[in-house]
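Reviewing the structure listed below.
Start at 1 with the first residue, then count along the sequence. Below, each value reflects all heavy atoms present in this structure, side chains not excepted, and no hydrogens, waters or symmetry copies.
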Amino acid sequence: MATPLSDTPLSQLKTVAVVGLGTMGTGIAEVLAKAGREVIGIDISEAQAARSVAALETSTARAVRRGKLTEQERAELLGRVRTATDLTAAADADLVIEVAPESYEVKHQIFRELDGVVRPETILATGTNALSVTRLAADSARPERVLGLHFFNPAPAMRLVEVVSSVLTAPAAVTAVTNLALDLGKEPVAVGDRPGFVADGLLFGYLNQAAAMYEAKYASREDIDAAMRLGCGLPMGPLALLDLIGVDTARTVLDAMYAESRDRLHAPAPILKQLSEAGLTGRKSGRGFYTYEAPGSATVVPDALTPGSAGSGSSGRPVRSVGVAGSGTMASGIAEVFAKAGYDVVLAARSEEKAQTAKARIGKSLSRSVDKGRLTAEAAAETLDRITPAGSYEAFADVDLAVEAVAEDLEVKRQLFATLDKVCKPGAVLATTTSSLPVVACARATSRPQDVIGMHFFNPAPAMKLVEVVRTVLTAEDVHATVREVCATIRKHAVDCGDRAGFIVNALLFPYLNNAVKMVQEHYASLDDIDAAMKLGGGYPMGPFELLDVVGLDVSLAIEKVLHREFRDPGLAPAPLLEHLVAAGCLGRKTGRGFREYARR
């Protein structure tokens with residue numbers, strides 16, 4: 001008599017079959033064998049099965065060299081893995097994990113064959129990240145034992161595992177594989193059945209928008225990738241990540257997401273189809289968004305799109321002194337950056353007192369750098385001496401570059417630029433640090449729009465390496481060259497983009513954050529599971545809800561409204577849950593409550 005699924009304890013998940021021995025299947029097999037499971041690796045290709053065994057031998061030998069395994073442990077691990085080319089080898093498995101190609105036809109065929117091979121209580125898991133687990137389960141003889149078990153690549157290193165239930169899945173099956181995942185040293189998150197689940201559901205929308213941004217020639221591939229690495233602390237830029245994942249794989253995932261959501265943000269960017277159909281699928285083919293040394297190589301080589309080292313040919317205007325307008329954290333940080341680089345800085349605010357307070361803030365920041373050994377006391381004193389506080393913008397009469405860092409309010413900025421137009425000398429470059437407002441609106445408030453440009457610093461300015469350099473259609477070439485040269489002098493990485501809402505970073509970051517809020521709003525996953533999924537599965541330094549609470553929910557909502565208003569895409573409409581929290585005064589850490597509650601200081 002067969003053991004009912006509800007009576008199947010974790011201890012019975014001793015033998016696991018892995019169907020499909022590509023990179024992911026091989027990694028999963030290694031993780032299972034390392035945790036003491038008997039593993040049956042199955043692949044229709046004998047050659048692929050042999051390559052999988054060779055890869056396991058190589059990776060475990062490397063683990064021995066690094067002191068993570070002993071030779072005896074390695075021998076025992078390899079002894080727990082055997083391979084086969086026929087699904088009948090899974091007959092004795094307690095759990096089967098299928099990681100075959102992302103095709104319903106292929107996966108259905110595997111599940112149909114497994115129905116006739118495995119025991120009634122055997123759990124069947126699909127490793128899909130794009131296809132419907134429910135649809136695969138519905139065609140199985142025992143849909144209650146079918147679920148999703150989505151590992152991340154490389155499986156031995158990545159800690160996240162998404163455990164995906166359909167409406168048909170028995171709770172006992174979910175419990176068994178969740179406990180197995182914990183036993184493997186992974187962090188399982190429970191999610192429902194929808195394309196992309198949590199991590200890929202958020203990640204691929206972002207990747208798709210980055211591809212569309214590049215396709216529109218808004219910014220270069222290098223600048224898009226650098227902006228997201230340096231502006232958000234991500235391990236890879238989106239276009240490099242698409243090449244790593246596989247452009248064809250990304251297109252498949254997005255097609256599945258769009259089929260369900262009908263959200264235009266998920267409709268694959270045409271360039272993904274064009275690259276896929278041309279065979280330019282990324283690293284595995286040797287060319288995708290970038291060109292690689294050879295198929296499978298991670299080394300990028302120059303191609304026709306690689307920026308030249310000659311520059312634009314335009315030389316910039318001389319800059320010796322800089323005016324910084326504002327008295328907040330951003331203005332103080334920018335003034336500190338310029339002073340550290342040797343510029344004479346005029347820090348002007350609406351009153352002498354505010355300007356002195358801002359300079360005092362810089363003094364404290366410099367003292368912290370001295371305490372941490374990053375700066376000598378002498379260098380800190382010299383830096384502070386270069387900053388002159390002023391209670392009027394009249395003090396900008398002789399500066400070569402004026403940078404405004406006042407409130408993110410268009411009327412306030414327009415009035416300031418009208419004032420700068422009057423007080424700054426002819427030829428001075430006028431820059432705005434806006435993160436969401438049109439630079440050209442600031443430019444049009446002056447009689448010299450050709451001298452106006454965006455310099456979007458990131459907070460905290462002394463630590464963050466990125467500056468988005470935003471040209472309007474009116475910006476002069478030598479003004480652009482000036483700002484690029486200044487960025488090099490202050491040791492910031494400049495990326496070029498046009499004057500449209502969000503520029504690069506915010507245009508890609510905030511729709512991703514908004515989609516995370518929608519997931520919680522729809523009760524698809526919890527705050528904690530979503531944050532864990534993006535940190536563990538996507539390599540993000542902070543989960544989306546941690547980040548929203550740090551940025552401020554009111555600031556985030558304002559940026560999302562600007563994006564929605566400019567691009568008119570329904571998918572960019574701010575999530576109602578975000579609007580409700582802001583209306584309730586729950587703005588994040590600064591108020592003690594946002595998506596989470598914080599201790600009052």
Side-chain angles (χ1 to χ4, degrees), residues 226-227 229-233 315-349 351-393 395-406 424-425 428-433 435 453-469 481-495 541 550:
R229 281 189 293 105
L230 299 174
C232 296
S315 56
R317 304 174 186 178
V319 176
R320 298 177 196 84
S321 60
V322 178
V324 178
S327 58
T329 306
M330 182 58 87
S332 302
I334 292 169
E336 179 182 332
V337 166
F338 279 109
K340 275 182 179 171
Y343 290 102
D344 290 325
V345 178
V346 178
L347 179 55
S351 70
E352 182 77 29
E353 184 185 7
K354 284 181 178 291
Q356 289 287 2
T357 301
K359 181 172 179 177
R361 188 184 299 120
I362 296 169
K364 289 178 182 176
S365 172
L366 293 169
S367 295
R368 285 194 296 272
S369 294
V370 172
D371 292 342
K372 291 175 181 175
R374 294 174 184 164
L375 204 62
T376 66
E378 183 183 19
E382 288 174 358
T383 298
L384 202 57
D385 284 345
R386 291 190 196 103
I387 300 171
T388 303
S392 164
Y393 298 126
F396 285 178
D398 293 320
V399 301
D400 303 305
L401 167 65
V403 181
E404 73 76 17
V406 298
C424 292
K425 66 187 180 183
V429 173
L430 311 180
T432 171
T433 61
S435 63
I453 194 166
M455 281 185 82
H456 179 213
F457 287 80
F458 287 73
N459 205 15
M464 299 294 278
K465 295 292 184 189
L466 182 69
V467 174
E468 289 178 317
V469 178
T482 301
V483 169
R484 294 283 307 196
E485 289 166 12
V486 165
C487 285
T489 303
I490 62 177
R491 297 183 178 178
K492 298 297 183 187
H493 187 108
V495 297
V550 168

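With a 4.5 Å cut-off on side-chain heavy atoms, K340 and L366 count as touching. The side-chain heavy atoms of V324 and L347, taken from C-beta on, include a pair separated by under 4.5 Å. Under the 4.5 Å side-chain criterion, counting only non-hydrogen atoms from C-beta, K359 is in contact with L384.
Annotation for Y393 and G326: closest pair OH-N, 4.4 Å, computed over non-hydrogen atoms. Of all heavy-atom pairs between G328 and R361, the closest is O-NH1, 3.2 Å. For the residue pair V399 and K425, the shortest heavy atom distance occurs at O-CE, 3.4 Å. Across all non-hydrogen atoms, the minimal contact from R386 to A339 is NH1-O, 2.7 Å. Scanning all heavy atoms of the two residues, the minimum distance from S315 to A481 falls at C-CB, 3.9 Å. Of all heavy-atom pairs between A494 and R484, the closest is O-NH1, 3.3 Å.
The distance from the NE2 atom of H456 to the CE atom of M330 is 6.0 Å, given to the nearest 0.5 Å. Atoms CD1 and CD1, from I362 and I387 in turn, are 3.5 Å apart once rounded to the nearest 0.5 Å. Distance check, rounded to the nearest 0.5 Å: CZ of R317 to CD of E485 gives 11.5 Å. With values rounded to the nearest 0.5 angstrom, I453 atom CD1 is found 11.0 Å from T432 atom OG1.
T433 meets the side-chain contact (heavy atoms from CB on, under 4.5 Å) test with I334, V403, E404, A405, F457; sequence neighbours excluded. Under the rule for a side-chain contact (heavy atoms from CB on, under 4.5 Å), A381 has no partner lying at least two apart in sequence or in another chain.
The 12-atom threshold is exceeded at CD of E352, counting heavy atoms of other residues, nucleotides or ligands nearer than 6.0 Å. At most 12 non-hydrogen atoms from other residues, nucleotides or ligands lie less than 6.0 angstrom from NZ of K465.
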Assess whether side chain to side chain contact (heavy atoms under 4.5 Å, CB included) is satisfied between N459 and T329, documenting all intermediate values. CA-CA 8 Å; N459 205 15; T329 306; 4.0 Å; yes
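For residues 318-346, the ring-ring contact (aromatic ring centres under 6.0 Å, His included) pairs, not counting sequence neighbours, are F338-Y343.
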